[in-house]
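FYI, side chains are in, hydrogens and waters are out, and symmetry mates aren't considered; it's all heavy atoms of this structure. Order of the sequence lines sets the chain letters (A, B, ...), proteins ahead of strands, with each chain counted from 1.
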Protein chains: 2
Amino acid sequence: MFDQFKNKLPFDEKHWNDYVGYFKRIQVPSKTTLLQEGKISKKVFFIEKGCIRVWFNNNGNDVTFQFFLEGDRVSSTESFKKNIPSIVTIETIEPCTLWVIGKKDMDKMVSEAFEIPEVREKLIDSLFDRNIHYMKHCLSFIKDTPQQRYLNLIQEKPQIVQRIPQHYIASYLGITTVHLSRIKSKLAREKK
Amino acid sequence: MFDQFKNKLPFDEKHWNDYVGYFKRIQVPSKTTLLQEGKISKKVFFIEKGCIRVWFNNNGNDVTFQFFLEGDRVSSTESFKKNIPSIVTIETIEPCTLWVIGKKDMDKMVSEAFEIPEVREKLIDSLFDRNIHYMKHCLSFIKDTPQQRYLNLIQEKPQIVQRIPQHYIASYLGITTVHLSRIKSKLAREKK
DNA sequence: GCAAGACGATAACATTTGTTATCGAATGAG
DNA sequence: CTCATTCGATAACAAATGTTATCGTCTTGC
């Protein structure tokens, strides 16, 4: 059942039995807050079913920063790692089935993983990959129009556009719902 | 003389003598390309004097992504780490005095640093810090107006606004030079 | 020192994006 | 099932931002 998260876990397939007991399966309704902004993150979530968004509070109106779907790992990484208050809120969008692991267990896993050179290398690589991902995300805001960003999103994560309420997508793209609506209708018109 | 880079180097102060020979001091004129987009990065630069920008090629017009000043370390991190073609170009803005280290030496330093737990921890922390930095940079494009981003830049790196040509700053902020000019004159008017 | 080009300010106009309001369809609680 | 609420589309208008062009100043190479 962990097939889904294989490449998101800091250990090798053959060690599953050692660690599987660390994880707890939970079900939560939609709009559940998994981590509140300002709190210190003590858990990491793996999504078996459902979707989640991570958002920032920008004096009152929320700014959606990332979406997560089945097979993804979700946490406020920096809060979790450094024991500092999270700057983001983590919230379910749909009813979710999640696997949860606590900080102590996760830390144990990670530190043991670090003893194995190739696993260590994989973990560090994933940090670099995250960096590259964020860089490109930034860049997209500088060089692309909102319409282009919307098209990119459709291309890269088509499920998101289908499953997720439009106002979350608009805030993710950095525009208003009205403008997103305009973009959609313009694209539909051009398609004909 | 390495005081300037103390916290950017992957080893402890007391090991300087072991490594100092790896670095070469060079002087280059302004507008020198230190790494061309598409090439694989084999060097890391440390700025003793001068400033540098990192930019993306966006079909013809360049998009400045980051500025670096005295004391900063500059490289195309992902290209350097993974031996893949760089997506960015690194270019001097002013005549620069730099310290350069090649990949083989750098790798040696890093792998040795990883044997020392507290240095390893520091290195990994810095990867997380980079992540947080990029996240916040992204976020700024979603939630702030160009004027606010300009004010942030003045606050965080006042030197940049003073030393760096305006068209680079405009592209860094994601706006045109004309618009930056408007923002500046508007701010000047309001100040009076 | 001079000429060519780079740089920054500004204006006029065009386009994009935000704001507010309205409407109908979809959704969810009871 | 029904009513209240949420969600998405659309319109009219306002504000922000881009485009193009012009001008004067400042660099820079020669």
- Closest-nucleotide 5' rank along DNA chain C - winner of B:H167 and B:V178: B:H167
Interatomic distance, [X] [atom1] vs [N] [atom2] [rounded to whole Å]:
{"X": "B:Q148", "N": "D:dA16", "atom1": "CD", "atom2": "P", "result": "14 Å"}
{"X": "A:D144", "N": "C:dT16", "atom1": "CG", "atom2": "C1'", "result": "15 Å"}
{"X": "A:E94", "N": "C:dT27", "atom1": "CD", "atom2": "P", "result": "13 Å"}
{"X": "B:H179", "N": "C:dA11", "atom1": "NE2", "atom2": "P", "result": "16 Å"}
{"X": "B:L180", "N": "D:dG18", "atom1": "CG", "atom2": "C1'", "result": "14 Å"}
{"X": "A:K186", "N": "D:dT10", "atom1": "NZ", "atom2": "C1'", "result": "17 Å"}
{"X": "A:R163", "N": "D:dC7", "atom1": "CZ", "atom2": "C1'", "result": "18 Å"}
{"X": "A:I142", "N": "D:dG18", "atom1": "CD1", "atom2": "P", "result": "12 Å"}

Are [X] and [Y] within salt-bridge range, i.e. N to O under 4.0 Å?
{"X": "A:K143", "Y": "B:D62", "value": "no"}
{"X": "B:D129", "Y": "A:K81", "value": "no"}
{"X": "A:E70", "Y": "A:R163", "value": "yes"}

Nucleotide nearest [X] (side chain, heavy atoms from C-beta), chosen from [options]:
{"X": "B:P165", "options": "D:dG18, D:dA9, C:dG8", "answer": "C:dG8"}
{"X": "B:S185", "options": "D:dG8, C:dG18, C:dT10", "answer": "C:dT10"}
{"X": "B:I175", "options": "D:dA9, D:dC7, D:dG18", "answer": "D:dG18"}

- Message: Would you say the ring centers of B:F46 and B:F23 fall short of 6.0 Å from each other?
- Response: yes
- Query: Do the ring centers of B:H179 and B:Y150 come within less than 6.0 Å of each other?
  - Reply: no
- Message: Looking at B:R182 and C:dG8, is any side-chain donor or acceptor paired with a base atom of the opposite kind under 3.5 Å?
- Response: no
Is any side-chain nitrogen or oxygen of [X] closer than 4.0 Å to OP1 or OP2 of [N]?
{"X": "A:K184", "N": "D:dA9", "result": "yes"}
{"X": "A:Q166", "N": "D:dA9", "result": "yes"}
{"X": "B:S181", "N": "C:dT10", "result": "no"}

